[in-house]
Structure formats: structure tokens, C-alpha cells
Amino acid sequence: MIMERLNKYIASCGICSRRKADELIQCGKVEVNGKIITELGYKVEEKDIVKVNGRIISKEEEKVYIMLNKPKGYVTTSNEQFGRKSVLNLINENVRVYPIGRLDMYTEGLLLLTNDGDFANKVMHPKNEIEKVYEVTTSTEITDSQIKSLESGVDIGDYVTKEAKVKKISKDKFEITIHEGKNRQVRRMCETVKIKLLNLKRVQEGKLTLGTLQTGKYRYLTEEEKNMVE
Ligand code: URA
């Protein structure tokens, strides 16, 4: 009889990452054999019937790893809130995948999607400090003092950002590399130092780069790329 922690089981069914599974369990969204389970360490075995949000889940066979160039105007939540377009509408696959982390509605660029909870966990876990590179288009040229502030960390209200790296590309563009993923972090950092941001695009996550992938298009990660996320 193989026993497995409930969060790990949910992640291995391709529903979400392990951390998200913890949230679902704590919110009372998970049932085992008809009973709501809120205990994080609960163990399940193969014969148990597990439901998430009222739907029975089961292990998926094939794991899928996708890189999407997210267009602006799409949300990264799985459910289409208030009729907004979801990135999932752009993915035409037989298996269900979900976005790893988020990009806000008006941000474009590199977004990974998968049904492999362990992989999602690796990409998202703060301890791995995966770097994310964003290309920022501005209305005015960034100043040296703004660069210094962004690099040393700024107070964005509920959080002081960690060290970042800024690389000026042209008069109206710079790249910023961060290792955290607070909500709307780059936008809030720019607001704090009074930079008027016109466009935000993620161009790199870990060692994975967007390259020439067209907006709205996606591709599978290569074996090599899958192993690059550590
Ligand atoms: N920073 C933002 O402001 N938005 C994103 O989507 C990601 C990082």
C-alpha cells in the first residue's frame, strides 16, 4: 500500500504546485472519500477518492512543459474571472496544464505552464531564488540614481525588495533582474522611484529565454531546458 502526502498527490495529478495544494487543503477545498481534509500532512493511498473543488482527480500519465509568450490582456489565473481572457485559451493540448506563477494582465512575455507539480515547485520555491529578467519600456530615460535605488532595494508598501540588477539598453528601455515574485513587483518598484513604465515584458526565467517566440505562441521545453531549472 503506497501512502503519499495529500499535497504531493494533488500536485502529481497535475492540478497545481504543492504549495498551492497546501492552500487548497487549508481552505477546505479538498475532500478524501467524501470528507473535507484540512490537515496538511494527511496521507492518502491509491484507492482513496480525492476531490478538489468538488471534482475527482487522478494521476496524469504524460508530463507537459510549455513556454508561452503571453500577450497583454490575458490573465494567468485558470478560471476566467469576469469574462477576462485566460492564457489557458491559448494552449491547445489534450492534457490540462496550469501557469507556473503569474504575470499580471498587462504584462507580456515568458510564462511557463506545466502539469508537473514538482517542476512548478522548483521554479516557484523562494529558496531556489530563480532569477527573472524583465524588459521595461519607459517614457523618460532612467537616471543613475533611479538605477541605484532599484538595485539596492525599494519599499513597495508591504515589502522591501532585495538586491536587483539593472542594465540600461537604450534611452527608453532597461532590463531588470529580480529573484522574488511579489505581486506586480516591477511595476511597484518603478512607481516607487517615479519611473513611468510604458511596457513590461518578461524575457527570461532561470536560464530559459524567450528568444524569438512570437507573442501568443507557445512551444515545448527541450529536455535540456527542463533540466536547466534548478
Ligand atoms: N512584475 C510586475 O509588475 N508584473 C508582473 O507580471 C511580473 C513582475
Side-chain angles (χ1 to χ4, degrees), residues 16-17 19-20 23 66-82 84-91 97-114 120-140 142 146-147 149-169 172-211 213-218 229:
C16 57
S17 69
R19 290 204 307 153
K20 179 76 190 166
E23 277 175 35
I66 284 172
M67 180 192 290
L68 168 73
N69 186 347
K70 174 194 174 296
K72 285 186 222 172
Y74 283 75
V75 291
T76 50
T77 39
S78 319
N79 52 338
E80 291 170 44
Q81 293 167 323
F82 315 114
R84 290 190 291 194
K85 292 178 284 189
S86 161
V87 289
L88 295 181
N89 300 138
L90 300 168
I91 309 292
V97 290
Y98 57 87
I100 305 180
R102 1 164 234 222
L103 280 181
D104 70 58
M105 172 131 154
Y106 298 105
T107 297
E108 54 180 331
L110 195 162
L111 182 72
L112 298 173
L113 299 102
T114 191
N121 219 32
K122 266 196 227 158
V123 178
M124 278 197 293
H125 205 289
K127 91 167 174 350
N128 291 336
E129 295 197 346
I130 297 251
E131 64 175 26
K132 295 158 201 114
V133 184
Y134 295 87
E135 184 190 273
V136 183
T137 308
T138 57
S139 62
T140 50
I142 190 170
Q146 285 168 327
I147 293 178
S149 304
L150 291 176
E151 288 195 330
S152 52
V154 286
D155 188 343
I156 55 171
D158 52 358
Y159 181 77
V160 177
T161 58
K162 301 225 169 70
E163 273 183 20
K165 189 84 208 120
V166 174
K167 188 170 115 195
K168 201 162 148 183
I169 298 175
D172 68 346
K173 270 193 190 17
F174 65 89
E175 273 184 4
I176 181 162
T177 305
I178 58 172
H179 294 88
E180 314 112 287
K182 299 289 169 203
N183 195 22
R184 299 180 70 255
Q185 181 167 335
V186 176
R187 290 179 190 277
R188 287 156 76 201
M189 288 171 80
C190 289
E191 266 160 39
T192 308
V193 299
K194 309 246 173 329
I195 289 173
K196 188 152 185 272
L197 182 155
L198 298 180
N199 197 56
L200 184 59
K201 179 176 187 175
R202 182 155 67 196
V203 292
Q204 189 176 336
E205 192 160 14
K207 297 194 184 81
L208 305 179
T209 53
L210 195 56
L213 189 63
Q214 298 292 297
T215 306
K217 298 278 187 246
Y218 68 91
V229 177

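Just so you know, ligand 1 is whichever comes first in the structure, and atom 1 is the first atom listed for that ligand. In this text the structure is predicted, and so the values were computed from the model without any measurement. Just so you know, these numbers use all the heavy atoms, side chains as well, and skip hydrogens, waters and symmetry mates.
- Side-chain contact between Val133 and Lys167 is absent, with no heavy-atom pair separated by less than 4.5 Å.
- Surrounding OH of Tyr159 are more than 12 heavy atoms belonging to other residues, nucleotides or ligands, all under 6.0 Å away.
- Proximity of Phe174 to Leu150: side-chain heavy atoms (C-beta onward) are separated by under 4.5 Å at one or more points.
- Taking a cut-off of under 4.0 Å to the non-hydrogen atoms of Thr107, the atoms of ligand 1 that pass are 4 (N), 5 (C), 6 (O).
- Using a 4.5 Å heavy-atom cutoff, the side chains of His179 and Lys162 are not in contact.
- Looking only at protein heavy atoms, the nearest one to atom 5 (C) of ligand 1 is Asp104 OD2, 3.4 Å.
- For a threshold of 3.5 Å applied to N or O pairs, the pair formed by Arg184 and ligand 1 contains at least one separation below that value.
- Counting only heavy atoms of the protein, atom 7 (C) of ligand 1 lies nearest to Tyr134 OH, 3.4 Å.
- Thr161 and Arg188 form no side-chain donor-acceptor contact under 3.5 Å, judged by distance and modelled atom types alone.
- Protein heavy atom closest to atom 1 (N) of ligand 1, with residue, atom name and distance, is Val186 N, 3.1 Å.
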